[in-house]
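Read the structure below first, then the notes.
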Amino acid sequence: MRAGLEPAITGATATSVTVFDERSLRRHDGPSEDFIDRLSGRVFQTPQRRGKFLWIPLDDPADVPGHGEALVAHLGMSGQVLLRDRSTDDRLTRIRIELDHPDHGALRLNFVDQRIFGSMSIDSMLPTDDQPHLLVPSQVAHIARDPLDPFFDDAKFLRALKVKRTTVKRALLDQTLVSGIGNIYADEALWAAQVHYNQPTETLSRAKAIMLLAEVRAVFAKALAEGGTSFDAQYLNVNGESGYFAHSLNVYGQQGKACPRCGREVVREQFMNRGSHFCGFCQRVRAGSQSV
DNA sequence: CCCCTCACCTGATCGC
DNA sequence: TGCGATCAGGTGAGGG
């Protein structure tokens, strides 16, 4: 989504903003009038991402220099950002931003979200603790870098796995430890590394933890190359197109089918109020390596 | 302080 | 055709 937005909206001016459902501003500190006022007339800079948060830095308004604000978007479970022409509408559009781009002319951003777990907001930028010259929106400050980020700290992540009293899938889904991993990519990376979702993190050997992190990166790289995971019309890129990673899934949603590695049945269990998909043979809770 | 549960929401689909 | 149950890819406040 970030890559799709960049060439289209960088340098565009937000000429008009409409909020159809104020609940989509759940992460915005203020009423919709405030969101509209602060966004209208601003120029979009290059879109940025950390984990599942996307933001578009805004130029400083002429009368308020050095402000440092961004339009922040999170898709939640069902959000989409669709890049449209001025005449195209989308069902379940919660927020609409009309844009004027010096090269591409009139554009429209439709923020579409069925369940309204996603949001848009205007947020102030803060220095990151590890790279103070790089800024992130205040609501993103507690989110860890993702494993494809050049400043992701492998040693810090491995240390956290040792210290935490939790299980490995919980840790993968904990965006304060490592960001960008959701239920699909957690299950896929765990399968690739042959780790059971309920393996206590402190019993994971260092070698296994390193392998797991490598598999997370491999899953991310493949999913990004294929444009993400689309099961239906709900998960689309900015041009309304489906990603192809769903064709590459080994265990997610594959319950009842054969494990691509050993041929035994893929099973699904309830875990954290969601589905966990794994091979009961390849992925078993193993006795921990004793580390001092 | 750390970890886990649950609330937050709507719409599509399926079985009866 | 209609109705109720079920399901869905995330986050963070608050309780234990």
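All values below come from the heavy atoms of this structure, side chains included, with hydrogens, waters and symmetry mates left out. In what follows, chains carry the letters A, B, and so on, assigned in the order in which the sequence lines appear, proteins first and then strands, with residues in each chain numbered from 1.
- The residue A:R274 sits close to a base: some heavy atom pair falls under 4.0 Å.
- The pair A:K162-A:E202 does not count as a salt bridge, with every side-chain nitrogen at least 4.0 angstrom from each carboxylate oxygen.
- Here A:N273 lies in heavy-atom contact (under 4.0 Å) with a base.
- Aromatic ring pairs are classed by plane angle as parallel below 30°, tilted from 30° to 60° and perpendicular above 60°; the pair A:H133 and A:F151 is perpendicular.
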Measure all distances between protein nitrogen or oxygen atoms and nitrogen or oxygen atoms of nucleotides 1-3 of chain B, and list the pairs falling under 3.5 Å.
| residue | atom | partner | partner atom | Å |
| --- | --- | --- | --- | --- |
| B:dC3 | OP1 | A:R165 | N | 2.9 |
| B:dC3 | OP2 | A:K164 | NZ | 2.9 |

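- For A:R115, no side-chain nitrogen or oxygen approaches OP1 or OP2 of B:dC8 to under 4.0 Å.
- Look at A:R145 and A:D130 and you find a salt bridge, because one of the NZ, NE, NH1 or NH2 atoms lies within 4.0 Å of a carboxylate O, short of that distance.
- C:dG14 and B:dC9 have their P atoms separated by 14 Å, given to the nearest Å.
- Salt bridge status for A:R27 with A:D123: absent, with no side-chain N to carboxylate O gap under 4.0 Å.
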Grab the N/O contacts between the protein and nucleotides 11-14 of chain B below 3.5 Å, and write none if there aren't any.
| residue | atom | partner | partner atom | Å |
| --- | --- | --- | --- | --- |
| B:dG11 | O4' | A:Q114 | OE1 | 3.1 |
| B:dA12 | OP1 | A:R91 | NH2 | 2.1 |

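- When ring centroids are compared, A:Y185 and A:F245 come within the 6.0 Å threshold.
- Under 3.5 Å, the side chains of A:D113 and A:S78 contain a donor-acceptor pair of N or O atoms.
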